[in-house]
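Side-chain atoms are counted along with the backbone in the values below, which use heavy atoms only and exclude waters and symmetry mates. These figures come from a predicted structure and were not determined experimentally. Every chain is numbered from 1 and lettered A, B, ... according to where its sequence line falls, protein lines coming before strand lines.
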2 protein chains.
Amino acid sequence: MLVSPFPFPSSLDQNLPPVQSSPIEHLPTPLLCVDVSTVRNNLQGMADYTSGHRIALRPHIKTHKSRLFSQLQLEMGAVGLTSAKPSEALAAAIDAEDILIAYPSFTPPRLRLLETLAENHTVRVGIDSVEAAQRIAARELANSTSTLGLLIDLDVGHHRTGIASVKEAVALAQLIESLPNVRFDGVLFFPGQVLPTSQSVAAGMEDVRETLVAVIDALDTAGLRPKIVSGGSTPSAKYTHLIPEITEIRPGTYIFNDLNSVRWQCAEFEDCAAFVHATVISTAVKGKAVIDAGSKMFSSDLCGADPTSGLGYLIDHPGAKLARLSEEHGEIELQQSDWSPKVGDRVRILPNHICPCVNLQNELVLVDGDQPVSHSTVDARGMLH
Amino acid sequence: MLVSPFPFPSSLDQNLPPVQSSPIEHLPTPLLCVDVSTVRNNLQGMADYTSGHRIALRPHIKTHKSRLFSQLQLEMGAVGLTSAKPSEALAAAIDAEDILIAYPSFTPPRLRLLETLAENHTVRVGIDSVEAAQRIAARELANSTSTLGLLIDLDVGHHRTGIASVKEAVALAQLIESLPNVRFDGVLFFPGQVLPTSQSVAAGMEDVRETLVAVIDALDTAGLRPKIVSGGSTPSAKYTHLIPEITEIRPGTYIFNDLNSVRWQCAEFEDCAAFVHATVISTAVKGKAVIDAGSKMFSSDLCGADPTSGLGYLIDHPGAKLARLSEEHGEIELQQSDWSPKVGDRVRILPNHICPCVNLQNELVLVDGDQPVSHSTVDARGMLH
């Protein structure tokens, strides 16, 4: 019998792998379990928010990297998908008609992958340099007549990538318009600095809007009004309506959430869908329990909002601290906990940062509460190009 | 034409994948390149040291996770291989006759994998608890008559796992001797606290020896003298002769080395075999260059000996600092550098910690200087059980 972990959408039911019959406590650890009810609620919440505000939703697949979850996002109304690399899109976003590579993909191997994608998809690429625009325009066009849409990456305060100068942004849009094989479609940005824990999100969004509107107005004046204004990030996603110029958002982490989401106050613990199940393998050293999950299971990412809190959160033993990770060992300090772990005990740990954690897995086990119901391969894991 | 990247041992020549004909600057980035001459020198150096001191060498495959490098280590005189998990051993250590799982593998899924391994291999497991010994002894023995060797994990000062009490160690050895399906073979330990940057490695090794000898003498008195005394760690490896009781070592990182190895003074830069090749994808934000390699390429591990030095070392631009990694972006600060990067430039970066970096790759490109010569799959990547 095939039990659907997702009561909707129905088309997914046909393609799911067989249900795992073992109770969860018999499945091998370390194991990353994803609760399907929580995923459904998270996806529905973002779909409701964006449709209610008439904002297009183009989820970033970087968090789940799985075709199964891509399909679910599309069936729940996403207008398309986002990925960082074309190889990831080919592996896990291929069911979308419309794909944004939110990353300057201009090296020859990536241009070849973009060509493949563009055979059957609307493809856009985010760039922030003359060099990237020229290389994408000059790409090899053997057996291809595709035109790639380009979005100009704007720095709205995160200061990682993106153009901050109005003049340079307009000049780049004009250059794109003059080049063959590419089309100027609009702008994109990543407001990574806007966090609900800031004193005022509204003020943060107002600063973003100021930068954004200056560029949009200048582009408009130059006859190049952007069709697409693509924003996003999970922490700022539900404040998007404060910037009416935004046409679409690209949140990724919201599908699963993690300790960062909770500490940045964009999710509650009950919105966290993905937990590492681990087994205590040693209690020989006093004051400590060691589990069979280390940096090769969790990644070494700290919690951005609370960097001294440890390498993950023991949801059932909040006084215990996952203080250190080596490759295969997680060391839990017990000084502040009344838990008395025994060798063989199992624990559930909420990762600090779920995206690199998923990227370390070959597959995810889908659970409904404590019941394993199916599994999903991490199709775009390790796709680096 | 098949060119051997390893002039010896000859049996490897037959099984290598075709030579990559593209010059290295045409291969896609991000890319982890492994220089075969440096690997050969590193392996030869450790083989010479151990054979010269009549110490058995049982390399840990955690660093390379690749059957190709396992074969090379065996052909150069390793007596067997070490892995943390039985699934890793099945994927990448299967050519060894003799395998040590230096990790308490006692859950039912791991016991089943151990049984599979034991059908054709001498298999030993390191443990530090009564529970682990009992579970391994009581494992399901359908279609199997295998006996697993057990080594008792001793805490010699690293305080992660291992028994520190002489009395408990002897009691555990006696228990093992009383149980079916297992055999007491000796002790193992990880001297992770002994680093060449310490004031005196000799003093550190003397402390280790003191703990070790107390346990060995007590076991001897109880009629249970350990046949195997298994130590190791790359930083302490070449000081092993200071503890004549040690019969074998299990270094892993020495095959490739990394910035940790250099900063811990157990390798020179010229002994580092594995470099990430990356491309500059943005220079839009002032004072910064952004490359196409982030935490999903390098891992987020800091340099243990120099945690403020950044997320990797730009070997050709030592003044530039890889200051931040997000998932797909590496942010290089240029304030202390006279390098003027352009979009499209390529850089070589020495990872802080090579083991999790390799674990993020599907394959490694083997190079001889600047010439790609072959590639190797990372066979045990993501093997968590």
## Note on the structure
With chain A, the option among B:Ser295, B:Gly382, B:Cys355 that has the most non-hydrogen atom pairs under 4.5 Å is B:Cys355
### Task
Specify which of B:Gly192, B:Pro356, B:Ser299, B:Gly344 makes the most heavy-atom pairs with chain A at under 4.5 Å.
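Greatest number of close heavy-atom pairs with chain A: B:Gly344.
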Looking at [options], which makes the most heavy-atom pairs under 4.5 Å with chain B?
{"options": "A:Glu168, A:Lys65, A:Lys286, A:Met383", "value": "A:Lys65"}
{"options": "A:Thr283, A:Asp301, A:Leu302", "value": "A:Asp301"}
{"options": "A:Arg324, A:Arg381, A:Met297, A:Arg160", "value": "A:Arg160"}
{"options": "A:Lys296, A:His26, A:Glu131", "value": "A:Lys296"}
{"options": "A:Lys342, A:Gln361, A:His329, A:His159", "value": "A:His329"}

Side chain, backbone, both or neither: which part of [X] has a heavy atom under 4.5 Å from chain A?
{"X": "B:Ala164", "value": "neither"}
{"X": "B:Glu331", "value": "side chain"}
{"X": "B:Lys288", "value": "side chain"}
{"X": "B:Val280", "value": "backbone"}
{"X": "B:Arg135", "value": "side chain"}
{"X": "B:Glu88", "value": "side chain"}
{"X": "B:Asp128", "value": "both"}
{"X": "B:Val343", "value": "both"}

Within a strict 4.5 Å, meaning less than it, do heavy atoms of the [X] and [Y] side chains meet?
{"X": "A:Leu384", "Y": "B:Thr29", "value": "no"}
{"X": "A:Asp292", "Y": "B:His385", "value": "no"}
{"X": "B:Pro30", "Y": "A:Lys85", "value": "yes"}

### Query
Given B:Ser282, which of A:Asp153, A:Asp155, A:Thr161, A:Ile163 fulfils the side-chain contact (heavy atoms from CB on, under 4.5 Å) condition?
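Only match with B:Ser282 under side-chain contact (heavy atoms from CB on, under 4.5 Å): A:Thr161.
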What's the separation between atom [atom1] in [X] and atom [atom2] in [Y], rounded to the nearest 0.5 Å?
{"X": "B:Ser300", "Y": "A:Leu325", "atom1": "OG", "atom2": "CG", "result": "11.0 Å"}
{"X": "B:Lys62", "Y": "A:Ser326", "atom1": "NZ", "atom2": "OG", "result": "8.5 Å"}
{"X": "B:Phe106", "Y": "A:Thr279", "atom1": "CZ", "atom2": "OG1", "result": "6.5 Å"}

### Query
Can you tell me if A:Glu327 and B:His353 form a side-chain donor-acceptor pair at under 3.5 Å?
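There is such a pair between these side chains.
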### Message
Give me the atom names and distance for the closest heavy-atom approach of A:Glu328 to B:Tyr103.
### Response
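Closest approach of A:Glu328 to B:Tyr103: O-OH, 2.6 Å.
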### Task
Identify the heavy atoms of B:Ala284 and A:Gly162 that sit nearest to each other, and give their distance.
CB-O, 3.4 Å
### Query
For A:Pro108, is it the side chain, the backbone, both or neither that has a heavy atom under 4.5 Å from a heavy atom of chain B?
neither
